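Some notes on the structure that comes next.
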Amino acid sequence: MMVRYRSRFLLVQIVIVGLILVLPTGVSAASTVCFSCHKKENFTDTYVHQPLKKGECGSCHNPHVAHFKGLLDEKGAELCYKCHQDAQKKFAQDLVHQPVRRGECLSCHEPHASGSRGLLRHGLKSTCFSCHTTLQEKYKYTHSPYTKGQCSSCHRPHQSEHALLLKFEGETLCFSCHQGDALRKGHPNYPGRLRDCLSCHNPHGSSRKGIIRDVLHAPYAKGCGDCHAKGKKQVGTEVCLGCHGEVAEKTFMSHTHLSGKAVNKCVACHSPHAADEKTLLKGSQAQVCMGCHEDTRVRYEDTLYKHSGAETCTECHDVHGSNLLVMLKGDGNGICTRCHETQGKFTHPIGEKVIDPRTGGMVSCVTCHTPMGSDYKYELKLSGAKDLCVQCHKSY
Amino acid sequence: MRQLYILTKKAVLLLAVFAGMTTTVQAAGQWQWQVTLDASTSGKAMDMPSALYVDGDKQRYYVVDSGNNRLLSFDRDGKFLHAFTAEGSLQRPFDMVRDEDGIFWVVEKGKNSLTAIDVAAKSITPRVLRDGDHTIVADRLTLENNLFYVLDASRGDIAVLNKELVVEKWFSCADCSGGFVDFKIVKGTVWALDRSAKNIVQLAADGSLKSSFSVGEHAAFPVSMAVGPSGFVYVLDRHEGIIAVFDAGGSYKYSFLSGGQMRGQLHFPVEIDFDPWGRLCVVEEGNSRVEVFGR
């Protein structure tokens, strides 16, 4: 009895040792087989993806048959997240970089090997600029990290809890490099603690020394006293509205952006001192508006059909205040027919005399269209083949 | 044998408890559309209604028809009764209450006023609300124990004013990032919604913070909230056209309704509130109507 147990135990040991010896040979054999057709030099560079380095082609590819191009086991980020599980969790939080949200890891990373750290496709600067094409490469005065293409000095590439995917909020980021007396000397008359650097400085560069933004608010160009009476640090909304009467009128509308806890509501969107363009917005409209309306961006970003120019919110929305739905500049017809003149004349009947049987309200362009974008042609709310029409025309 | 008897008894008891629970759930039932407050019989459909006030004693719904500068009344069954324009003087009415003397108090955005309308005396008195140097930008309005609770849109805080419209106190949330956008008074405490942080905040009568919880995972763009008869908190998501439900401790329970134009669907809704009969009323700017849901 004892002898039989011993012989079984020995057999198990032999099998285990055999597997340990054979397994690496098997894996290496897999990669050897692959590289018998696929040129190995095409998969070699300074930085090589770990599975490839270990010869584990099968971690991502099925050698025989697969559902996805490249004989891949999964599509897009799903494949990457099979190993990078921590990243998957993290990348679902806070503000997420567009390609990450879309699961397009390969828009920045090489899957096999790269000359750049992090398996970036073209090095950090080139990778970022391949999408961010509107960014100037060079300014008269350029911030040093920007010149060197060190985008990740200030921005996180995947996600961040701060706007513009910044590493830290406001001045905290700037002060991580800019400290001490030099900083204080550069701001001789600044009232109180230095803060809100981006209110005056363009962190990439500008045509002004000290990378002060190009367009100055007229009172700021004269000095501080017009707004900061008697050295007052905080300036209320009423000070801005005292000059900008046309905006003050909008505060009496049904819907305004006059909300929130801040003493000055205007500076939520505008820089009171200097900016990159004449409306003194703190960034592009897409950045400023979508900073709060993140859900709107997410909802329409991935729709199949998008209205061109939708990133310029002020084309259709009266962003300071409006008596109309969603702060539009005109009603559901007037706003569209400014550009779509023909459809305003020859179309499905619209206007005050045409009643939507579902709601009793007026039929207008937005009765059938979602101007920001939808998954149906012409930005229709439902399929124009049938589903949309039969909502009202039930007998068809 | 005795053990078998005890086991059987326990099983019966368990079944009874389970059956009771099931009945409770069944009794609560699904939310279903019951009636739409429709002004078409007035000769003009609603245009961007912004608020609902329910007079339990008179069994009437009052709808602020903001786009048409008028107030509408309906009976409890949803039958249209009257349209009132205050002789064409209303400018963008936004919210309203009716006091025990029968005076209507209307927030008018167009005048930034709290306007007293005494129909019997045929008097209309708009008043801009102030607290010292500060001008209140009037928004949501509630009347409780002869005190007006007015949301100041410019501060995101709630001002409490007496009948002489003098500010007696403020309800504010020091930790709120964006300020309140809606509130309800329930049993002496203030429940409020901080849209930016997507938080529901409960403040005690003395203004101290009692509790708060996040609704962000379940409401993309929360604009209004209400507390149901059972103490559950209902949060209206304007962009998704859904209502998310939480228990008083902030645990998510479920969501219901969906976006669209058909009956029972929501399009840019702006306010929710419970009527005295336990029905949930949804004011829809986008669909220009008020829908009433019950179980």
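Since the structure is predicted, the reported quantities are computational estimates derived from the model, not experimental observations. What's counted below: heavy atoms across the whole structure, side chains too, no hydrogens, waters or symmetry copies. Chain letters run A, B, ... following the sequence lines, proteins first, then strands; residues in each count from 1.
- With ring centers used as reference points, B/Phe293 lies 6.0 Å or more from B/Trp31.
- For a residue to count as touching a neighbouring chain, one of its non-hydrogen atoms must lie under 4.5 Å from one of that chain's; by this rule A/His255 touches chain B with the side chain only.
- In the displayed structure, A/Arg338 atom CZ is contacted under 6.0 Å by more than 12 heavy atoms of other residues, nucleotides or ligands.
- Of the atoms belonging to B/Glu284, not a single heavy atom falls under 4.5 Å from chain A.
- Counting heavy atoms from C-beta outward, B/Asp38 and B/Phe80 have side chains that stay 4.5 Å or more apart.
- Contacts with chain B were tallied for A/Pro357, A/Ala262, A/Ser254, A/Cys392; A/Ser254 has the most, counting heavy-atom pairs under 4.5 Å.
- By number of non-hydrogen pairs under 4.5 angstrom with chain B, the leading residue of A/Arg299, A/Met253, A/Met362 is A/Arg299.
- A centroid separation of less than 6.0 Å is found between the aromatic rings of B/Phe104 and B/Tyr62.
- A side-chain donor-acceptor contact under 3.5 Å links B/Asp131 and B/Trp170.
- The greatest number of non-hydrogen atom pairs below 4.5 Å with chain A, out of B/Ser288, B/Ala153, B/Ala45, B/Gly179, is found for B/Ala153.
- Remark: the A/Thr303 side chain and the A/Asp375 side chain contain no N/O donor-acceptor pair separated by less than 3.5 Å.
- Only the side chain of B/Arg289 comes within contact range of chain A, judged by heavy atoms closer than 4.5 Å.
- Contact annotation for B/Asp157: only side-chain heavy atoms (C-beta onward) come within less than 4.5 Å of a heavy atom of chain A.
- If you measure heavy-atom distances from B/Lys111 to chain A, the contacts under 4.5 Å come from the backbone alone.
- Within the 4.5 angstrom heavy-atom criterion, atoms from both the backbone and the side chain of B/Asn112 approach chain A.
- A cation-pi arrangement, defined by a distance under 6.0 Å to the six-membered ring centre and an angle within 45 degrees of its axis, is absent between A/Lys377 and A/Tyr305.
- Looking at B/Ser66, the atoms closer than 4.5 Å to chain A (heavy atoms on both sides) all sit in the side chain, from C-beta outward.
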